Amino acid sequence: MRLRTWLSLLAKHRCAIHPLKLGLAATVTAFAASNSINYRLQNMLYGKRLKKVELKQPMIFILGHWRSGTTYLHELISLDDRFASPNTIQCFAPAMFLMYGRLIERWLNFMMPRNRPMDNMQMGFQKPQEDEFALSNMGEPSTYLRMAFPNHDLANNDYLDLRELTSEELAHWKATLDRFLRMVTLQEDKPLILKSPTHTGRIAYLSEMYPQAKFIHIARDPYDVYPSTIRLWQTMDEVQSFQVPKNVDYSEYVFRSFERMYNAYNDGVTQIAPERICQTRYEDMVKDPVGELGRIYSELKLADYDQVRSKIEAATEASKDYKKNEHQLNEATRREVNRRWGHYFEKYGYEMEGESR
């Protein structure tokens, strides 16, 4: 992020940085100052060209709650080199990647952790990444900013569905997203595949902004989604925050975020022509990734699937030994998942266990 955004975040949280995190804060401050300088330089060099960029079609948005398999699906589709996905360096360094991105990808990839801390999936500067990180780094408010100071209020999810933003806030968010997509298109010159769970509740706005875009929604058994999401936020807060997390109520945060996201998604999806959206489930993707992805290509009329089938087959064969994290739910939590997410079980064909109310 740029220095102004970083200082604003610090002021909002009264610089409540734990002493053990001062080194991380100092590093972020240095990078933020550098980003502010590079942002102006990059804008001087590329600003006029960005205004002329036309987004390639069809763009693809992959939607679904955290830990529903969006990353797995994203990485498989990204093997199709007729499309491009924003990568890690583009999403985490939007202020400079047009100038230095290719050099960083080539020479500094060794600095990236080999695997993601929450699920052991591979990482790298060239790997497909969530564009939500780019929006946050470009100064847009995001639910992800709660990771910086997790001991403070976790309830600010207005940007999960955009419905309570002012007209000025919404216009600014749209302009930031569009600018980032043009930046990536300028570098890649291909239709883009976007994946951010945060986009799930924004589907109505995205559909209106990009009327030729297509959407893939992936669901997963709620009994897996709930504990895996708890682990996600616990792990990310330990690694990314400027505090030492304590007494954080992740449970209620996960329940409320899910409900807000899917209230907006269920409303928004009714406004989209059926030929623009395809539904899948994580369990079906894992069972038959080659066949399920072929069905998605066919339903959305994306491209000739035969041209990428062999890559998909090779990738799924190479990853067949990947071990998912195992999670257990106690009976009280299982009943609460049933009570609050019952509509999701029914809509996506999952069976509730035990008492549902």
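On a predicted model such as this, the values are computed, not experimentally measured, just so you know.
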From the options Asn266, Ile272, Asp267, select the one residue that forms a side-chain contact (heavy atoms from CB on, under 4.5 Å) with Ile203. Ile272
Closest non-hydrogen atom pair between Ala219 and Glu283, with its separation: O-OE1, 4.1 Å
Could you tell me whether the side chain of His65 reaches within less than 4.5 Å of the side chain of Pro197, counting heavy atoms only? no
Within the structure provided, determine whether Leu3 and Ile37 are in side-chain contact (heavy-atom separation under 4.5 Å). no
Is the NZ or CZ atom of Arg334 both under 6.0 Å from the centre of the six-membered ring of Tyr223 and within 45° of that ring's axis? yes
Are Met183 and Leu45 connected in a single hydrophobic cluster, I mean Ile/Leu/Val/Met/Phe/Trp/Tyr linked by side-chain heavy atoms less than 4.5 Å apart? yes
Looking only at heavy atoms, which two atoms of Asp161 and Tyr205 are closest? And how far apart? O-CE1, 3.3 Å
Within one Ile-Leu-Val-Met-Phe-Trp-Tyr cluster: Val239 and Val244, side-chain cutoff 4.5 Å: no
If hydrophobic clusters are built by linking Ile, Leu, Val, Met, Phe, Trp and Tyr wherever their side-chain heavy atoms come under 4.5 Å apart, do Val254 and Leu232 end up in the same one? yes
The test is side chain to side chain donor-acceptor pair (under 3.5 Å); show your working for Tyr250 and Asp237 and say whether it passes. CA-CA 11 Å; Tyr250 292 105; Asp237 287 355; 2.6 Å; yes
Please determine, by modelled atom types, if Tyr305 and Asp80 share a side-chain donor-acceptor pair under 3.5 angstrom. no
Donor-acceptor side-chain pairing of Asn38 and Ser34 below 3.5 angstrom: yes
Checking Glu164 now: which residues fulfil side-chain contact (heavy atoms from CB on, under 4.5 Å) with it, not counting sequence neighbours? Asp158, Arg260
Would Leu162 and Leu194 show up in the same hydrophobic cluster when neighbours are defined by side-chain heavy atoms closer than 4.5 Å? yes
So how far is it from Leu293 CG to Ser298 OG, rounded to the nearest 0.5 Å? 11.5 Å
Side chains of Gln240 and Tyr144: any donor to acceptor distance under 3.5 Å? no
May I have the step-by-step check of salt bridge (Lys or Arg N to Asp or Glu O under 4.0 Å) for Lys287 and Asp284, ending in yes or no? CA-CA 5 Å; Lys287 183 178 180 180; Asp284 299 329; over 6 Å; no
Would you find more than 12 non-hydrogen atoms of other residues, nucleotides or ligands less than 6.0 Å from Glu346 atom CD? no
With the side chain counted from C-beta on, respond yes when Tyr350 and Pro222 share a heavy-atom pair under 4.5 Å apart, and no when they do not. yes
Glu54 atom CD, neighbour heavy-atom count above 12 within 6.0 Å: no
Pairwise distance SG(Cys91) to CE(Met138) - rounded to 0.5 angstrom: 10.5 Å
Inspect the surroundings of CZ in Arg40 and state if more than 12 heavy atoms from other residues, nucleotides or ligands are less than 6.0 Å away. no
Would the number of heavy atoms belonging to other residues, nucleotides or ligands and lying under 6.0 Å from CZ of Arg49 be above 12? no
Pair Arg309 + Asp306, salt bridge at N-O below 4.0 Å: yes
Taking atom types as modelled, find out whether Lys195 and Thr71 have a side-chain donor-acceptor pair closer than 3.5 angstrom. yes
Counting only heavy atoms not in Phe31, do more than 12 sit closer than 6.0 Å to its CZ atom? no
Could you check whether Gln271 and Glu208, counting side-chain N and O atoms only, form a donor-acceptor pair closer than 3.5 Å? no
Looking at every heavy atom in both Pro245 and Gln243, which two are closest together, and how far apart are they? CD-O, 3.4 Å
Between Met285 and Ile296, the two heavy atoms sitting closest are SD-CD1, 4.4 Å
In this structure, would Leu50 and Met209 fall into the same cluster of hydrophobic residues linked by side-chain contacts under 4.5 Å? yes
Just checking, any donor-acceptor pair under 3.5 angstrom between side chains of Ser142 and Ser136? no
I need the minimum non-hydrogen distance between Ser85 and Gln90, along with the two atoms involved. O-OE1, 3.9 Å
Whether the side chain of Asp288 engages the backbone of Gly291 through a donor-acceptor N/O pair (distance < 3.5 Å, no angle test) should be reported. yes
Spacing of CZ belonging to Phe97 relative to CZ belonging to Phe92, to within rounding of 0.5 Å: 13.5 Å
One thing to verify: whether Glu336 and Arg339 come together as a salt bridge, which I'm taking to mean a side-chain N less than 4.0 angstrom from a carboxylate O. yes
Would you tell me whether Arg220 and Ser68 have side-chain atoms, one donor and one acceptor, within less than 3.5 Å of each other? no
Tyr226 ring center near Phe258 ring center (under 6.0 Å): no
With no hydrogens and no angle check, is any side-chain donor or acceptor of Arg2 less than 3.5 Å from a backbone partner on Tyr39? no
Do Gln187 and Val184 have side chains that get closer than 4.5 Å, going by heavy atoms? no
Working to the nearest 0.5 angstrom, can you tell me the gap between Arg146 CZ and Asn151 CG? 10.0 Å
Testing Phe61, Tyr282, Tyr262 for ring-ring contact (aromatic ring centres under 6.0 Å, His included) with His217, which one passes? Tyr262
Approximate separation, where rounding is to 0.5 Å, of Tyr72 OH and His74 NE2: 14.5 Å
Checking side chain to side chain donor-acceptor pair (under 3.5 Å) for the pair Thr270/Tyr265: CA distance, chi angles, key distance, verdict? CA-CA 9 Å; Thr270 62; Tyr265 174 79; over 6 Å; no
To the nearest 0.5 Å, tell me how far Phe345 CZ sits from His343 NE2. 10.0 Å
So which pairs with a foot in residues 15-31 pass side chain to side chain donor-acceptor pair (under 3.5 Å), sequence neighbours left out? Trp6-Thr29
Judged by atom type as modelled, is there a donor-acceptor pair below 3.5 Å linking the side chain of Lys190 to the main-chain atoms of Asp81? yes
For residues 172-182, dump all side-chain donor-acceptor pairs below 3.5 Å to protein atoms at least two apart in sequence or in another chain.
| unit_1 | atom_1 | unit_2 | atom_2 | d |
| --- | --- | --- | --- | --- |
| His172 | ND1 | Glu140 | OE2 | 2.3 |
| Thr176 | OG1 | Glu140 | OE2 | 2.9 |
| Thr176 | OG1 | His172 | O | 2.9 |
| Asp178 | OD1 | Tyr210 | OH | 2.8 |
| Asp178 | OD2 | Arg182 | NE | 2.6 |
| Asp178 | OD2 | Arg182 | NH2 | 3.3 |
| Arg179 | NH2 | Asn43 | OD1 | 2.7 |
| Arg182 | NH1 | Val53 | O | 2.2 |

Would you please test Asp224 and Arg67 for salt bridge (Lys or Arg N to Asp or Glu O under 4.0 Å) and show each step? CA-CA 8 Å; Asp224 290 325; Arg67 315 305 302 138; over 6 Å; no
Looking only at heavy atoms, which two atoms of Tyr100 and Leu41 are closest? And how far apart? OH-CD2, 4.1 Å
Does either side chain, that of Ser36 or that of Arg4, offer a donor lying less than 3.5 Å from an acceptor on the other one? no
Counting N and O atoms only, with roles assigned by atom type, does the side chain of Thr70 sit under 3.5 Å from a partner on the main chain of Leu63, one being a donor and the other an acceptor? no
